[in-house]
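Below is one structure, written out as structure tokens; the observations come after it.
In listed order, ligands and their atoms are each counted from 1.
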Amino acid sequence: MSRSAHPAGPRHADVYPEGHYTAPATDLNELDAKVWSRTVTRDEDGALTVGGMEVARLAEEFGTPAYFLDESDFRARCRAWADAFGADADVFYAGKAFLSRAVVRWLQEEGLNLDVCSGGELATALDAGMPAERIAFHGNNKTVAEIERAVEAGVGRIVLDSFQEIARVAHIAQRAGTRQRVQIRVTVGVEAHTHEFIATAHEDQKFGIALADGQAAEAVRRALTLDGLELIGIHSHIGSQIFDMAGFEVSARRVVQLLAEIRDEHGVELPEIDLGGGLGIAYTSEDDPREPHEIAKALSDIVTRECESAGLRTPRISVEPGRAIVGPTAFTLYEVGTIKPLEGLRTYVSVDGGMSDNIRTALYDAEYSVALVSRSSEAEPMLVRVVGKHCESGDIVVKDAFLPADLAPGDLIAVPATGAYCRSMASNYNHALRPPVVAVRDGQARVIVRRETEEDLLRLDVG
Ligand code: LLP
């Protein structure tokens, strides 16, 4: 794909020369099972249904834009992860991808644990009844109040992210008369991005404590001497939307090496390692994600092998998938407002949401798919850019896609795979009202996070 530079900046630089971006060979009415949640299908009239409910009915009842979450798919993915890792491992769902009280209940019912990374996520988890011992608390700068709350609630583990935090958590736990179970998050020098990883990346980032220069070993030394802490393991998270297992393998190997060093220095074999989240999902048909059982096998093979060669007992493994569980389970439904064909370039399709409900395209240049879902169409494909209604030219939802040329205002279009990091990163930019999340299952739909109202906005603005 060639791109030409544009004086107005990179956002404008990806203008495809005519004829360069070719229409897909596939039928635009086809729904690629890779990017849509499991119960999505088209009915005999060509309209999309999810959980047995037709989108036009959902739009009528809940309005647009809205996120529709396929509850049975979410639960099935939880079970697939739990089954793949089995009884000797723990799966912590990463709440930052999307968290609500209903989600917390589903996780409990499906036997998953929960990773939270803020006081707000912790409050949601506890309010919805997640047993504190099944919660892991993360973050590179947890406040004292957050640590106190976590210790007081009795969270199963706090993942320590800095030397200050080792001292802070130890002090707070000791004052509370308890010993807090902790892991130390290390940066293993692996930086992974979607299709590649860099094994020698320098530790130029805010998370964790570097393995390099004996930093992590020093952190372990300190944690082991503090009465308020029970060091249960080492944690590593290498990135997000990763397809290549090689990065995880290097990370696992380096974490096991550290366990061996700890055993040699302190005579202690730490019982757990956490290899974080970051497993990729399909946003478009080009993406080819791994299944949970392949991931589980790859990780457990490498850990077992490395431990055998270091003469260590195999530690209990935990993982923290967020996107891989919730990402594929939801789509965003929009109504088409305006359509502007730009001769020789593309057609701009404006919808009733935008960067306030999906910032990922603007922020990460993320790719998405889109489909006309209120009906099928036999019209020719037209190259579109789906944009929002915000006062910003970077307000792009789907950068390049094809929709039928007979698309008209009032049609409903849907962007799949928006379950992760869309509602959770939604904003009120331009005083947009954040869309609801509606769970759909077995012919029933129920709001699990309601749409924001103007009253909500005005309530915060105290005048
Ligand atoms: N564990 C830790 C310690 C993490 O920092 C993260 C994500 C996860 C687990 C879950 O990663 P997942 O499996 O969901 O990839 N906003 C970005 C993603 C940021 C991820 C931050 N940490 C995005 O929209 O792509």
- Check the angle between the aromatic planes of Phe68 and Phe62 and answer parallel, tilted or perpendicular using the 30° and 60° thresholds. perpendicular

- Item | Protein contact of atom 9 (C) of ligand 1 - nearest heavy atom, named by residue and atom, plus distance | Glu320 O, 3.3 Å

- Message: So is Pro321 touching ligand 1 or not, going by heavy atoms under 4.0 Å?
- Response: yes

- Item | Minimum side-chain heavy-atom gap Phe243-Asp288 below 4.5 Å | no

- Donor-acceptor pair, side chain of Asp161 and main chain of Gly208, under 3.5 angstrom: yes

- Item | Protein contact to atom 16 (N) of ligand 1 [nearest heavy atom, distance to 0.1 Å] | Tyr364 OH, 2.7 Å

- Query: Hey, is ligand 1 close enough to Gly278 that some N/O pair sits below 3.5 Å?
  - Reply: yes

- In the protein, which heavy atom is nearest to atom 15 (O) of ligand 1, and how far is it? Ser240 OG, 2.4 Å

- Does any N/O atom on Gln241 come nearer than 3.5 Å to any N/O atom on ligand 1? no

- Message: We want to know whether Thr332 and Thr418 form a side-chain donor-acceptor pair, criterion being a heavy-atom distance below 3.5 angstrom.
- Response: yes

- Message: Between Asp357 and Ala66 (side chain of the first, backbone of the second, donor and acceptor by atom type, cut-off under 3.5 Å), is there such a pair?
- Response: no

- Message: As an exercise, identify every atom of ligand 1 less than 4.0 angstrom from a heavy atom of Ala94.
- Response: 8 (C), 9 (C), 10 (C)

- Taking the side chain as every heavy atom from C-beta outward, state whether Val55 and Leu333 have any pair of such atoms under 4.5 Å apart. yes

- Item | N or O contact, His235 vs ligand 1, cut-off under 3.5 Å | no

- Query: Any idea which atoms of ligand 1 are less than 4.0 Å away from a heavy-atom of Gly277?
  - Reply: 1 (N), 9 (C), 13 (O)

- Query: Under 3.5 Å, is there a donor-acceptor pair between the Thr347 and Arg385 side chains?
  - Reply: no

- Message: As a check for students: among Arg323, His138, Arg185, His237, identify the option with a heavy atom nearest to atom 6 (C) of ligand 1.
- Response: His237

- Judged by modelled atom types alone, do Asp32 and Ser285 share a side-chain donor-acceptor pair under 3.5 Å? yes

- Counting only N and O atoms by type, is there a donor-acceptor contact under 3.5 Å from the side chain of Glu272 to the main-chain atoms of Ser318? no

- Identify the closest protein heavy atom to atom 4 (C) of ligand 1: which residue and atom is it, and at what distance? Lys96 NZ, 3.2 Å

- Query: Under 3.5 Å, is there a donor-acceptor pair between the Asp70 and Thr39 side chains?
  - Reply: yes

- What is the nearest protein non-hydrogen atom to atom 20 (C) of ligand 1, stated with its residue, atom name and distance? Tyr421 OH, 3.6 Å

- Task: Any atoms of ligand 1 less than 4.0 Å from a non-hydrogen atom of Asp115? List them with their elements.
- Result: 1 (N), 9 (C)

- Protein contact of atom 24 (O) of ligand 1 - nearest heavy atom, named by residue and atom, plus distance: Arg360 NE, 2.6 Å

- With only distance considered, is Gly322 within less than 3.5 Å of ligand 1 through an N or O on each side? yes

